[in-house]
Visitor: 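Provided herewith is a single structure, encoded as structure tokens, for subsequent inquiry.
The structure presented is a predicted model; accordingly, all values stated were derived computationally and were not measured.
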2 protein chains.
Amino acid sequence: MSRNKAVPERRLHHPDRDEIRLESVLSALSDPIRLRIVRELARGHDDMACIAFDLPVSKSTSTHHFRVLREAGVIRQYYEGTSRMSRLREDDLEARMPGLLSAVLGAE
Amino acid sequence: MSRNKAVPERRLHHPDRDEIRLESVLSALSDPIRLRIVRELARGHDDMACIAFDLPVSKSTSTHHFRVLREAGVIRQYYEGTSRMSRLREDDLEARMPGLLSAVLGAE
DNA sequence: ACGCTCGTACGATACATGTCGTACTACGAA
DNA sequence: TTCGTAGTACGACATGTATCGTACGAGCGT
């Protein structure tokens, strides 16, 4: 009745649009690795597997960062075979925090 | 040659405009208490003493939050008698991260 | 001179977070 | 069926952070 170990969640939890909290989004975006992920997603690579990012961290750390972004409501993830695809929730973010994402992406 | 204890810094360190980093600003704004401070500052109370905020934390914690905001470049602080006044660095933030502050303030 | 108030510094503490390695699963291909 | 690859879960660890209380300093008023 219980899975012992390392069974990946088939149901990925995503907050609803109106559950997205400003603090969580800001917190999620305040990490350089996650900012890099978001920038790459915005740079036209709309649907990317995690592996495609070539991040300077281990696989487990990478998983961690993607989860933080997903649980904050910044990205949406879905399975595609053995890969997990990610895409920015631009519309939801724009609806809840107009201008925030583009300001973050535009900075620097 | 050294001050033993609790000598307040006469020189408050503020980052220059071009030293303000996006990650630090986002991190500074991702705390509810600090967000509240920033909102109040934006709400017209341009120059406020720390005490005037009536925050739900102790004095020392309050000091901590103001320092985080100052060192991230979000506010500027200066002494006025025994009080320390704070003001938003709106121009600097706008120059470095156009639209960010208003997006944060507008959200919710 | 004396006390009052605003704020700091410091130490302690509890909790959150970023990081990793290892063991594992799920899926697709040979 | 067997293997390789993408990604997860878990435990461990170090570091960062939010919080507090206490002791103190700097100005102002009396």
Visitor: With heavy atoms under 4.0 Å as the rule, sort Val68(B) into base, sugar-phosphate or nothing.
Guide: nothing
Visitor: Of the options dA18(D), dG21(C), dA9(C), whose atoms approach the side-chain atoms of Asp31(B) most closely?
Guide: dA18(D)
Visitor: Report the nucleotide, chosen from dT19(C), dT8(D), dT19(D), that has the shortest atom-to-atom distance to any side-chain atom of Tyr79(A).
Guide: dT8(D)
Visitor: Can you figure out which of dG7(C), dG18(C), dT19(D) approaches the side chain of Arg84(B) most closely?
Guide: dG7(C)
Visitor: From C-beta outward on Thr63(B), which listed nucleotide comes closest to its side chain: dT19(D), dT8(C), dG21(C)?
Guide: dT8(C)
Visitor: Over how many whole Å does the gap from Tyr78(A) atom OH to dA26(C) atom P extend?
Guide: 21 Å
Visitor: Rounded to the nearest 0.5 Å, how far apart are CG of Leu55(A) and CZ of Arg36(A)?
Guide: 5.5 Å
Visitor: Please tell me which of Val57(A) and Gly81(A) maps to the more 5' nucleotide of DNA chain C, matching each residue to the nucleotide holding its nearest heavy atom.
Guide: Val57(A)
Visitor: Going by an N to O cut-off under 4.0 Å, is there a salt bridge joining Arg76(B) and Asp92(B)?
Guide: yes
Visitor: Report the residue (Thr82(A) or Lys59(B)) whose heavy-atom-nearest nucleotide on DNA chain D is the more 5′ of the two.
Guide: Thr82(A)
Visitor: Whole-Å distance between dT8(D) P and Glu71(A) CD?
Guide: 11 Å
Visitor: Provide, to the nearest angstrom, the distance between the CD atom belonging to Gln77(B) and the C1' atom belonging to dT8(C).
Guide: 12 Å
Visitor: In whole angstrom, give the distance that lies between atom CG of Leu69(A) and atom C1' of dT17(C).
Guide: 14 Å
Visitor: Give the rounded distance in Å between these two atoms: CZ of Phe66(A) and C1' of dA6(D).
Guide: 12 Å
Visitor: Measure CD/Glu23(B) against P/dT17(D) and give the value in whole Å, please.
Guide: 13 Å
Visitor: Begin with the C-alpha distance, continue with both residues' side-chain angles, and end with the deciding distance and a verdict on side chain to side chain contact (heavy atoms under 4.5 Å, CB included) for Arg84(A) and Tyr78(A).
Guide: CA-CA 6 Å; Arg84(A) 186 176 260 187; Tyr78(A) 56 96; over 6 Å; no
Visitor: How many whole angstroms separate atom CD1 of Ile33(A) from atom P of dT17(C)?
Guide: 16 Å
Visitor: Taking 4.0 Å as the cut-off, does a side-chain nitrogen or oxygen of Ser58(A) come that near to OP1 or OP2 on dC20(C)?
Guide: yes
Visitor: Counting distance only, does the side-chain N/O of Asp31(A) pair as donor-acceptor with the main-chain N or O of Arg34(A) below 3.5 Å?
Guide: yes
Visitor: Find which nucleotide of DNA chain C each of Arg67(B) and Pro56(A) is nearest to by heavy atoms, and output the residue with the more 5' nucleotide.
Guide: Arg67(B)
Visitor: Let me confirm one number: the CD-CZ distance from Gln77(B) to Arg87(B), rounded to the nearest 0.5 Å.
Guide: 12.5 Å
Visitor: Round to the nearest Å and state the distance from His64(B) atom NE2 to dC10(C) atom P.
Guide: 15 Å
Visitor: Between dG21(D) and Ser60(B), counting only base atoms on the nucleotide and side-chain atoms on the residue, is there a donor-acceptor pair under 3.5 Å?
Guide: yes
Visitor: Side chain of Ser83(A), heavy atoms from C-beta onward: which of dT19(C), dT8(D), dA6(D) has the nearest atom to it?
Guide: dA6(D)
